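The figures here come from the full heavy-atom set of this structure, side chains too, leaving out hydrogens, waters and symmetry mates. Values in this document were obtained by computation on a predicted structure and should not be read as measured data.
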Amino acid sequence: MAEMRAFRDAVGVWAAGGPGGPAADLAGRLGVRTAVLLEGLSDLAAVEALAARRGRDLDAEGVCVVPMGGAMSVGRYAGLLGPPGLGLRLAGLCDEGELGFYERGLERARVPYTGFHVCVTDLEDELIRALGPARVEGIIRAEGDFRAWRTFLHQPAQLSRPRQQQLRRFLGTKRGRKIRYGRLLVEGLDPEQVPSPLDALLTSL
């Protein structure tokens, strides 16, 4: 796990304009064959949590999950890791509203779009819909965040929003909360509730 994390860090340095040699060396030494491109750390937490639930060791399988820090970076990462760069197979998740960035970036990198799966709104929204608001509120209560949640609901901007939108917004109101709940929401799913984009991604790896 530490070595694959080192590869992921080396890719981040490379994407920021640093040297690509360390990433290439680690990819060869670790036998990396697939890179899963995700927009952020909350998506990473969810993918890793589902892999663990299914008994998958992605590192041992040569699969590295890479958070890109936003959809606008997909062209850069696809170029470095896909056919123009390391030649890895690429897969990933895409928020519905960011589809254009993915289509253009993957086309430039000559990467097939078939490995990428689109979430309606985003992955948090998919997970909240799969669980249902009542179960998500139960997870919030179990995590000791219910008081903050009730306070949040009294904000004027939230009063007219549907409960699902309120929950999604709440997860993004505190630094690190989306990441933590990315894992917790996946752990709270029944096996048949896994959102189809997330299920299809893991199944394809």
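- Residues Trp14 and Ala23 approach most closely at CE3-CB, 3.8 Å, considering heavy atoms.
- A salt bridge does not link Arg5 with Asp9: every distance from a Lys NZ or Arg NE/NH1/NH2 to an Asp or Glu carboxylate oxygen is 4.0 Å or more.
- Residue Leu106 comes nearest to Ala78 through the heavy atom pair CD2-CB, 4.0 Å, listed as atom of the first residue, atom of the second, then distance.
- Criterion: ILVMFWY side-chain heavy atoms under 4.5 Å apart, direct or through other members. Under it, Leu189 and Leu185 are part of a common hydrophobic cluster.
- The heavy-atom pair separating Ala109 from Gly79 by the smallest distance is CB-N, 3.8 Å.
- Counting heavy atoms from C-beta on, the side chains of Leu123 and Lys178 never come closer than 4.5 Å.
- Using a 4.5 Å cut-off on side-chain heavy atoms (C-beta onward), Asp145 and Tyr181 make contact.
- Between the CG atom of Leu171 and the CD1 atom of Ile179 there is a distance of 12.0 Å, given to the nearest 0.5 Å.
- In this structure, the side chain of Glu39 engages the main chain of Asp95 through a donor-acceptor pair within 3.5 Å.
- One hydrophobic cluster, built from ILVMFWY side chains closer than 4.5 Å, holds both Tyr102 and Leu81.
- Residues Tyr113 and Leu80 share a hydrophobic cluster, clusters being chains of Ile/Leu/Val/Met/Phe/Trp/Tyr side chains in contact below 4.5 Å.
- Cluster annotation: Val32 is connected to Leu26 through the hydrophobic network of ILVMFWY side chains, with a link wherever side-chain heavy atoms come within less than 4.5 Å.
- Side-chain N or O atoms of Arg180 include none that pairs as donor or acceptor with a backbone N or O of Ala45 at under 3.5 Å.
- In this structure, Asp43 CG and Cys119 SG are separated by 7.0 Å, a value rounded to the nearest 0.5 Å.
- A heavy-atom distance below 4.5 Å is found between the side chains of Pro195 and Leu127.
- Of all heavy-atom pairs spanning Pro197 and Leu93, the tightest one is O-CD2, 3.6 Å.
- With respect to Glu48 and Arg8, a salt bridge is recorded, a charged nitrogen being found less than 4.0 Å from a carboxylate O.
- Residues Met4 and Leu58 form no side-chain contact, since every pair of their non-hydrogen atoms from C-beta on lies 4.5 Å or further apart.
- With contacts defined as side-chain heavy-atom distances shorter than 4.5 Å, the pair Phe116/Leu37 qualifies.
- Defined by atom type and a distance below 3.5 Å, a donor-acceptor pair is missing between the side-chain atoms of Gln166 and Arg169.
- Cluster membership check: Val118 shares its hydrophobic cluster with Val111, using side-chain heavy-atom separations under 4.5 Å among Ile, Leu, Val, Met, Phe, Trp and Tyr.
- With rounding to the nearest 0.5 angstrom, the CG atom of Leu205 is 8.0 Å from the CD atom of Glu61.
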side-chain contact (heavy atoms from CB on, under 4.5 Å) for Leu131 and Ile139? Distances and angles first, verdict last.
CA-CA 10 Å; Leu131 284 163; Ile139 293 170; 4.1 Å; yes

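- Rounded to the nearest 0.5 Å, atoms CD (Glu96) and CG (Asp122) are 10.0 Å apart.
- Across all their heavy atoms, Ser204 and His117 have their closest contact at OG-NE2, 4.2 Å.
- Of the possible polar contacts, none joining the Gln158 side chain to the Gln155 backbone as a donor-acceptor pair under 3.5 Å is found.
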Just do the side-chain contact (heavy atoms from CB on, under 4.5 Å) check on Leu202 and Val194 with the steps written out, would you?
CA-CA 11 Å; Leu202 262 290; Val194 177; over 6 Å; no

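- Arg110 contributes no side-chain N or O that, together with a main-chain N or O of Pro83, makes up a donor-acceptor pair within less than 3.5 Å.
- Phe170 is linked by a ring pair (Phe, Tyr, Trp, His ring centres under 6.0 Å) to Trp149, Phe152, counting only residues two or more places apart in sequence or in another chain.
- Inter-residue side-chain proximity for Pro133 and Leu167 is flagged as met; some heavy-atom pair is nearer than 4.5 Å.
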Please lay out, stage by stage, how Glu124 and Val136 fare under the test side-chain contact (heavy atoms from CB on, under 4.5 Å).
CA-CA 11 Å; Glu124 286 79 21; Val136 176; over 6 Å; no

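- For Arg33 (side chain) and Gly62 (main-chain N/O), no donor-acceptor pair under 3.5 Å exists by modelled atom type.
- Annotation: side chain of Leu50 is not in contact with side chain of Leu201 (no heavy-atom distance under 4.5 Å).
- In the model, Arg168 has no side-chain atom that pairs as donor or acceptor with a side-chain atom of Gln165 under 3.5 Å.
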Apply side-chain contact (heavy atoms from CB on, under 4.5 Å) to Leu198 and Glu126, showing your working.
CA-CA 9 Å; Leu198 184 57; Glu126 293 271 6; over 6 Å; no

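- In this structure, the side chains of Leu153 and Arg163 come closer than 4.5 Å at one or more pairs of heavy atoms.
- Nearest approach of Arg53 to Glu187, heavy atoms of both residues: NH1-O, 3.5 Å.
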